[in-house]
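Everything on this sheet refers to the single structure shown next.
Just so it is clear: chains get the letters A, B, ... in the order the sequence lines come, proteins before strands, and each one is counted from 1. Being a predicted model, the structure only gives us computed values, none of them experimental.
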Amino acid sequence: MRGLRRYAPPLIWLLVLVLTAVYLSRLEPLFAWLEPDRQTVVYPRQSFVALLLQHAAIVAVAAALAIALGVGAAIGVTRRAGEEFLPLVSQLASIGQTFPPVAVLALSVPALGYGAEAVVVALVLYGLLPIVRNTLAGLQAVDRGVLESARGIGLSPWQTLLWVELPIAAPAIMGGIRTSVTINIATAAIGSTIGANTLGNPIISGIVNGNMAFTLQGAVLIGLMAVTVDSAFSRIA
Amino acid sequence: MRPDAGTPMIELDNVSKSFGDAVAVDGISLNVPAGSLCVLVGTSGCGKSTTLRMINRLIEHTGGEIRIDGHQIRRFNEVTLRRRIGYAIQNTGLFPHWTVARNIGVVPRLLKWDKARTRERVESLMALLGLDVEAFAGKYPHQLSGGQAQRVGVARALAADPDILLMDEPFGALDPITRSSLQAELLRIQSRIRKTIVFVTHDMDEALRLADQIVVMQAGRIIQQGTPSEILAHPSDDFVETLVGGRDRGLKRASLTPVGEMMESLPDDGRVPAVHVLQTDSMRLAVSLMLWHGVSQLAVVDDTGETVGMLPLRRLVDDFGE
Ligand SMILES: Nc1ncnc2c1ncn2[C@@H]1O[C@H](COP(=O)(O)OP(=O)(O)OP(=O)(O)O)[C@@H](O)[C@H]1O
Ligand SMILES: [Mg+2]
């Protein structure tokens with residue numbers, strides 16, 4: 001019962017998101033009122049459910065890669081063997097964040113061509129930054145006395161990492177993952193401009209054709225998705 | 001693996017450690033007999049912690065040889081070595097995300113003891129250190145007072161019943177009263193378990209109270225070693241003399257001498273002084289009682305309350321001094 005209570009908010013948001021995706025087209029009269037001069041007021045090319053699933057898949061793949069790479073890199077540079085890369089990596093992580101996401105996308109197209117792969121790569125690069133930064137901060141904040149006693153009583157380096165450092169740093173790491181995923185849910189929409197199918201499709205199409213209704217439909221679904229994911233993170237972190 | 005009493009459990013043979021050009025420990029030699037408590041004392045930065053941490057290879061020595069139980073420590077796998085040596089430090093280093101019971105049980109867990117045995121061990125150690133199992137087993141380190149946390153730290157160091165215990169200023173962060181009670185507790189525990197202990201402190205009073213053997217260090221070298229009363233009686237130079245309290249030495253020495261060693265037999269007329277002191281109390285306490293009550297002699301009693309002798313003020317003047 002307590003478990004259900006705890007996870008109720010994200011589950012409710014998820015339900016709202018799915019119902020909206022499924023039934024958004026039924027709100028045609030509302031959109032017709034918004035754009036009275038248009039024949040088509042509901043984005044016609046793909047179903048919202050299909051776009052939502054593709055959008056989610058791109059974000060999920062990018063998040064999985066960013067977590068593996070970001071947490072891995074931060075662990076690597078805080079070990080003795082990788083310590084010379086620590087200044088470089090931590091600087092990249094803080095400078096990189098000031099880079100606009102569109103620029104990252106624009107850079108990945110020449111490398112990978114149009115399509116979902118280029119979007120995933122851009123999202124991974126962009127999503128790495130908060131994860132690396134937070135994981136570094138979390139690991140570096142572990143008390144030196146705790147580390148010394150961990151070694152001193154005979155934990156191996158692996159055991160120290162898995163039993164002590166990562167659990168203590170976990171809240172910081174989760175915070176970084178949360179920021180990363182939330183940003184990338186929004187950023188993935190821009191992927192539509194380079195040929196990936198995402199919830200950005202109706203937004204871009206709405207902007208290009210001057211059709212507010214399309215833009216609103218994409219924006220509402222992206223907003224709901226971001227809220228759902230953020231709410232889920234607030235329960236587990 | 002415990003050798004006969006008297007054989008050194010830990011031997012340092014001309015051991016040095018340099019960090020780059022800086023020499024932190026400079027050719028020290030030291031034997032710690034099995035079952036004895038050796039205190040390294042000296043001012044900040046003199047190399048005490050470095051010496052201690054070379055024994056469990058948290059720091060690798062750069063010169064000389066360290067042997068445990070006759071074997072060079074370089075021959076052991078460092079992780080295996082450390083699991084056989086208890087280690088307790090000033091700010092406890094308890095794992096903040098684990099309960100007290102789990103913290104204490106960590107080394108048994110590393111050594112793959114079964115759950116029941118670990119649990120039993122944790123509970124008996126908590127009892128040994130005066131920590132109520134019901135009240136504390138499930139608490140987290142941030143819920144403990146400094147003294148309680150330090151007890152847990154010592155329990156953790158003892159968990160796998162190591163022969164050797166290394167302690168780096170374990171009571172350094174505690175208030176004087178808590179520190180004193182933990183010192184008493186350590187002595188009580190040590191009299192039962194007889195570990196080979198190397199204890200670091202910069203507090204000479206703590207050293208005098210705890211040590212079987214005191215090692216005074218300065219700038220990476222040993223400048224004097226001996227029993228507390230040897231160090232008190234014959235400080236090798238001005239530095240050691242200052243450390244042992246200069247003109248306060250008389251009282252320090254009195255606090256190390258039990259009344260039983262100085263008492264005389266009762267006078268023939270059978271008159272017993274009104275104020276009494278325990279045979280096992282210190283001479284310092286005896287002096288304090290004389291000053292307080294304004295008397296020049298005390299009755300000495302044993303722990304059953306039986307009068308076994310007397311202590312006149314004259315004894316202090318005639319035989320106690322140099
Ligand atoms: N990792 C290190 N790198 C370089 N120098 C070090 C290192 N560890 C210790 N030292 C130096 O070695 C010397 C001895 O240090 P150590 O920690 O053994 O002193 P200490 O006697 O324990 O002092 P304190 O009472 O302040 O703890 C100091 O001068 C210190 O600066
Ligand atoms: Mg020290």
Side-chain angles (χ1 to χ4, degrees), chain A residues 2-3 6 67 71-72 74-76 78-84 86-87 131 133-178 233-237, chain B residues 49-50 52-60 76-98 102-112 140-142 149-150 152-160 162 164-170 172-173 198:
Chain A
R2 279 185 56 204
R6 183 179 162 122
I67 292 168
V71 173
I75 290 173
T78 49
R79 302 305 100 182
R80 174 107 9 115
E83 79 194 339
E84 39 185 318
L86 175 60
I131 294 176
R133 201 186 42 198
N134 277 38
T135 307
L136 275 181
L139 290 174
Q140 286 172 332
V142 177
D143 182 75
R144 296 190 61 86
V146 169
L147 290 180
E148 181 184 334
S149 75
R151 278 181 70 208
I153 62 180
L155 266 66
S156 67
W158 257 118
Q159 287 162 334
T160 306
L161 178 67
L162 295 180
W163 293 9
V164 179
E165 297 183 75
L166 287 178
I168 293 174
I173 299 174
M174 287 308 292
I177 295 174
R178 179 177 178 173
F233 271 113
S234 76
R235 295 293 136 168
I236 54 180
Chain B
S49 299
T50 306
L52 191 78
R53 300 168 78 201
M54 287 192 289
I55 297 171
N56 64 0
R57 292 184 62 187
L58 282 176
I59 295 177
E60 295 289 352
F76 297 107
N77 171 287
E78 57 189 287
V79 170
T80 319
L81 176 79
R82 289 184 201 133
R83 289 178 189 172
R84 288 177 39 199
I85 299 179
Y87 187 56
I89 58 176
Q90 174 161 351
N91 289 316
T92 73
L94 293 177
F95 301 159
H97 56 306
W98 284 7
R102 201 155 173 217
N103 264 291
I104 297 175
V106 60
V107 183
R109 183 171 159 201
L110 287 170
L111 296 171
K112 308 210 159 48
Y140 285 87
H142 72 266
Q150 211 50 258
V152 176
V154 174
R156 179 171 71 173
L158 289 170
I164 296 173
L165 196 54
L166 305 179
M167 309 179 89
D168 195 343
E169 303 198 35
V198 183

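- The choice from Gly145(A), Gly152(A), Pro157(A) that makes the most heavy-atom pairs within less than 4.5 Å of chain B is Gly152(A).
- The shortest heavy-atom contact between Ile153(A) and Tyr87(B) is CG2-O, 4.1 Å.
- Residue contact with chain A, scored on non-hydrogen atoms closer than 4.5 Å, involves the backbone of Arg57(B) exclusively.
- For Leu94(B), the part sitting under 4.5 Å from any heavy atom of chain A is the backbone (N, CA, C, O) and nothing else.
- The minimum heavy-atom distance linking His97(B) with Trp163(A) is given by the pair NE2-O, 2.7 Å.
- With a 4.5 angstrom heavy-atom cutoff, Val107(B) touches chain A only via side-chain atoms.
- Checking Ile89(B), Thr92(B), Asn91(B), Val106(B) one by one against Ser149(A), the side-chain contact (heavy atoms from CB on, under 4.5 Å) holds for a single residue, Ile89(B).
- Looking at Ala170(A), neither its backbone nor its side chain comes within 4.5 Å of chain B, counting heavy atoms on both sides.
- Contacts of Leu147(A) with chain B are absent, with no heavy-atom separation under 4.5 Å from either backbone or side chain.
- For the residue pair Arg82(B) and Arg151(A), the shortest heavy atom distance occurs at CD-O, 2.9 Å.
- Of the atoms belonging to Arg102(B), not a single heavy atom falls under 4.5 Å from chain A.
- The choice from Thr80(B), Asn56(B), Leu110(B) that makes the most heavy-atom pairs within less than 4.5 Å of chain A is Leu110(B).
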